[in-house]
S.K.: 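Got a structure for you, written out below as structure tokens; questions coming shortly.
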Amino acid sequence: MKYSLKIFFRNRETLFWTIMFPIALLFLLSNSFSGGTTIKLYSDNEQIVDFFNRDNIEIVRVSEPFESLKNKEIDVYVDDHGDVYSYKADVKANIIKTNMDIWKRFQYDPIASMNVMERMKNSKSGFTNFGFNQMLFAVLVMTAFYSAYGALDVAANLNLKTSYLAVRTLASPKSRLAILLESSVSGILTSFLPIISSSLFAIYVIGFNGFTNVWGSCALLFVALLYGFGFGLFLGMTNIGMGAANGIIVAYMISMGSMAGMNGPNLTAYLVEHAGILLKLDPLYLVTKNLNMINSFNRLNYAEVGGVLAASIILIVFSAWRLKEKRYDSI
């Protein structure tokens with residue numbers, strides 16, 4: 001563990017991408033949703049007005065809502081049925097649209113609807129809207145997935161086909177599975193550092209107070225970390241080379257993170273409506289969704305979380321089996 005930490009802190013490129021880059025993303029995200037984003041809203045429905053009566057929402061009374069949208073007197077109009085109208089599809093409209101989608105989803109259960117709206121209404125943070133939470137949690141899940149890079153380093157010490165470092169390691173009389181276990185524990189523990197730094201930045205610098213279930217959030221981020229580690233270990237045990245493996249991790253992380261809501265709710269909302277199967281196959285989205293659920297509604301979809309955890313274990317076990325089966329007679 002001591003040597004893993006030394007290597008981690010001496011590698012400037014690793015420090016930037018695993019610690020500074022997520023923090024920079026969180027900083028840009030917070031600026032987009034900071035004080036200047038007060039949303040002017042009008043609705044015919046008093047229940048909806050009461051629901052949106054929060055610090056970052058200004059309720060405006062107008063007689064002609066559509067005309068007021070054109071004149072930019074209001075940013076968003078929500079009619080009596082909960083349909084959202086805006087002059088342009090910007091961040092403010094997306095925030096209201098995301099909240100209303102949740103509101104409509106719970107209409108079939110009036111008691112659940114009342115509890116959810118009351119929970120969201122009583123939140124003290126100006127940042128606490130479902131759209132912002134989705135993006136922030138997606139960034140944290142992406143940060144947890146960075147453990148894939150640590151797993152590649154572990155594989156580099158054990159796969160002669162892709163790394164000369166493995167020559168000395170595999171020549172050791174120590175069991176390869178024992179080396180894999182020790183290296184994996186060290187790599188997983190080191191991978192917690194970016195998550196901790198990003199979470200502390202979100203809480204103490206941005207002022208985010210959306211973590212209403214801290215231990216549940218930690219457990220979900222660990223699941224994302226374990227999946228990333230299994231994904232990286234699996235790639236590292238193939239013979240595609242470290243450069244190609246890094247490229248695959250970057251492409252996978254960006255595409256899955258974007259679907260999870262890291263770049264805003266537009267793509268995620270579109271996929272929910274038109275291509276939900278893609279989201280069911282995106283582990284980063286499933287963890288992000290459940291982070292939002294456990295902190296907003298104190299609920300979890302255990303099947304989704306269990307599926308990601310099972311996939312992680314399968315990847316790690318298969319990688320260990322691949323290592324055991326490899327033979328290097330030339331060493």
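Here the structure is a predicted model, which is why all the values come from computation and not from measurement. Side chains are part of it too, since the values below use all heavy atoms of this structure and drop only hydrogens, waters and symmetry mates.
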S.K.: Tell me whether Ile314 shares a hydrophobic cluster with Val223, the cluster being built from Ile, Leu, Val, Met, Phe, Trp, Tyr side chains joined at under 4.5 Å.
M.R.: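 In one cluster: no.
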
S.K.: If you round to the nearest 0.5 Å, how far is OG of Ser198 from CG of Leu193?
M.R.: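 Answer rounded to 0.5 Å: 10.5 Å.
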
S.K.: Are any of the side-chain heavy atoms of Lys40 and Val76 separated by less than 4.5 Å?
M.R.: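 Heavy-atom side-chain distance check fails, nothing below 4.5 Å.
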
S.K.: Which heavy atom of Ile316 sits nearest a heavy atom of Gly230, and at what distance?
M.R.: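 The answer is CG1-CA, 3.6 Å.
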
S.K.: Just by distance, with hydrogens left out, do Ser43 and Asp79 show a side-chain donor and acceptor under 3.5 Å apart?
M.R.: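 No, because no side-chain N or O of Ser43 sits under 3.5 Å from a partner of the opposite role on Asp79.
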
S.K.: Nearest heavy-atom pair of Lys280 and Leu286: which atoms, and what distance?
M.R.: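 The pair with the smallest heavy-atom distance is O-CD1, 3.6 Å.
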
S.K.: Look only at the side chain of Ser199 and the backbone of Ile196, and say whether a donor-acceptor pair between them is shorter than 3.5 Å.
M.R.: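 Pair absent, no side-chain N/O of Ser199 close to backbone of Ile196.
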
S.K.: Between Met256 and Asp282, what is the shortest heavy-atom contact and its length?
M.R.: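 Of all heavy-atom pairs spanning Met256 and Asp282, the closest is O-OD2, 2.8 Å.
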
S.K.: Is the Phe192 ring parallel, tilted or perpendicular to the Phe222 ring (thresholds 30°, 60°)?
M.R.: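 Because their plane-to-plane angle is under 30°, the rings of Phe192 and Phe222 count as parallel.
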
S.K.: Can you check whether Tyr285 reaches Met262 side chain to side chain, under 4.5 Å on heavy atoms?
M.R.: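 Tyr285 does not reach Met262 side chain to side chain.
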
S.K.: Ion pair present between Lys289 and Glu304, side-chain N to carboxylate O less than 4.0 angstrom?
M.R.: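 Result for this pair is yes, salt bridge flagged.
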
S.K.: Report the distance from atom CD of Glu64 to atom CZ of Phe66, rounding to the nearest 0.5 Å.
M.R.: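 That separation rounds to 10.0 Å.
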
S.K.: Under 4.5 Å between any side-chain heavy atoms of Leu233 and Leu315, yes or no?
M.R.: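 Side-chain contact under 4.5 Å: no.
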
S.K.: Taking everything shown except Phe211 itself, do over 12 heavy atoms lie less than 6.0 Å from its CZ?
M.R.: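 Counting neighbours around CZ of Phe211, more than 12 heavy atoms of other residues, nucleotides or ligands fall under 6.0 Å, so yes.
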
S.K.: Given side-chain contact (heavy atoms from CB on, under 4.5 Å), test Leu136 with Leu140 step by step and report yes or no.
M.R.: CA-CA 6 Å; Leu136 187 140; Leu140 292 180; 3.8 Å; yes

S.K.: For Leu152 and Gly232, which heavy atoms make the closest approach, and how far apart are they?
M.R.: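 Between these two residues, the closest heavy atoms are CD2-O, 3.4 Å.
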
S.K.: Below 4.5 Å, heavy atoms only, C-beta onward: do Met237 and Phe318 meet side chain to side chain?
M.R.: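 SC-SC contact between Met237 and Phe318 ruled out.
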
S.K.: Return the CG to CG distance between Leu271 and Leu279, rounded to the nearest 0.5 Å.
M.R.: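 Atom-to-atom, Leu271:CG and Leu279:CG are 5.0 Å apart.
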
S.K.: Just so I know, are the side chains of Lys70 and Tyr87 near enough to count as touching, which here means a heavy-atom distance under 4.5 Å?
M.R.: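 Heavy-atom side-chain distance check passes, below 4.5 Å.
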
S.K.: How far does CE of Met253 sit from OG1 of Thr143, to the nearest 0.5 angstrom?
M.R.: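 Taking CE in Met253 and OG1 in Thr143, the distance rounds to 9.0 Å.
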
S.K.: Tell me if the CD atom of Glu73 is crowded by more than 12 foreign heavy atoms within 6.0 Å.
M.R.: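 Counting other residues, nucleotides and ligands, CD of Glu73 exceeds 12 neighbours.
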
S.K.: Look at the side-chain heavy atoms of Ile, Leu, Val, Met, Phe, Trp and Tyr, link any pair under 4.5 Å apart, and say whether Trp215 and Phe208 land in one connected group.
M.R.: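 No, Trp215 and Phe208 fall in different hydrophobic clusters.
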
S.K.: Can you tell if the side chain of Asp83 reaches within under 4.5 Å of the side chain of Val78, non-hydrogen atoms only?
M.R.: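 No, too far: nothing below the 4.5 Å cut-off.
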
S.K.: Drop me the distance from Ile240's CD1 to Asn246's CG, to the nearest 0.5 angstrom.
M.R.: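 Ile240 atom CD1 to Asn246 atom CG measures 9.5 Å (nearest 0.5 Å).
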
S.K.: Quick check: do Leu200 and Val205 have side-chain heavy atoms less than 4.5 Å from each other?
M.R.: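 Contact flag for Leu200/Val205 side chains = no.
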
S.K.: Give a yes or no answer on whether the side chain of Ser147 reaches the backbone of Ala144 with a donor-acceptor pair at less than 3.5 Å.
M.R.: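 Indeed, once roles are kept as given, a pair shorter than 3.5 Å links the two residues.
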
S.K.: Nearest 0.5 angstrom please: Leu221 CG to Ser191 OG, how far?
M.R.: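 The OG atom of Ser191 is 12.5 Å from CG of Leu221, to the nearest 0.5 Å.
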
S.K.: Report the relative orientation of the aromatic rings in Tyr227 and Tyr252; use parallel for angles under 30°, tilted for 30 to 60°, perpendicular for over 60°.
M.R.: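 Correct class here is tilted.
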
S.K.: Hey, are Asp75 and Tyr77 close enough side-chain-wise for a donor-acceptor pair under 3.5 Å?
M.R.: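 Short answer, no.
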
S.K.: State, to 0.1 Å, how close Asp44 and Asp80 come at their nearest heavy-atom pair, and which atoms those are.
M.R.: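 Smallest heavy-atom distance, with atoms named: OD2-N, 3.9 Å.
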
S.K.: Looking at Leu291, is its backbone amide N or carbonyl O close enough to the side chain of Asn295 to form a donor-acceptor pair, meaning the two atoms are under 3.5 Å apart?
M.R.: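 Checking the backbone N and O of Leu291 against the side chain of Asn295, a donor-acceptor pair under 3.5 Å is found.
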
S.K.: Could you check if a side-chain atom of Val49 sits within less than 4.5 angstrom of a side-chain atom of Arg61, using non-hydrogen atoms only?
M.R.: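 Yes, their side chains come closer than 4.5 Å.
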
S.K.: If every non-hydrogen atom of Val60 is compared with every non-hydrogen atom of Tyr42, which pair is closest and at what distance?
M.R.: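 For Val60 and Tyr42, the tightest heavy-atom pair comes out as O-CD1, 3.1 Å.
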
S.K.: Where the side chain of Glu58 meets the backbone of Leu41, is there a donor-acceptor pair that is under 3.5 Å apart?
M.R.: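 Not confirmed, Glu58 side chain does not pair with Leu41 backbone.
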
S.K.: Checking Ile74 against Val62 for the side-chain contact (heavy atoms from CB on, under 4.5 Å) test, could you report, in this order, the C-alpha distance in whole Å, the side-chain angles of both residues, the deciding distance, and whether it holds?
M.R.: CA-CA 9 Å; Ile74 57 175; Val62 296; 4.1 Å; yes

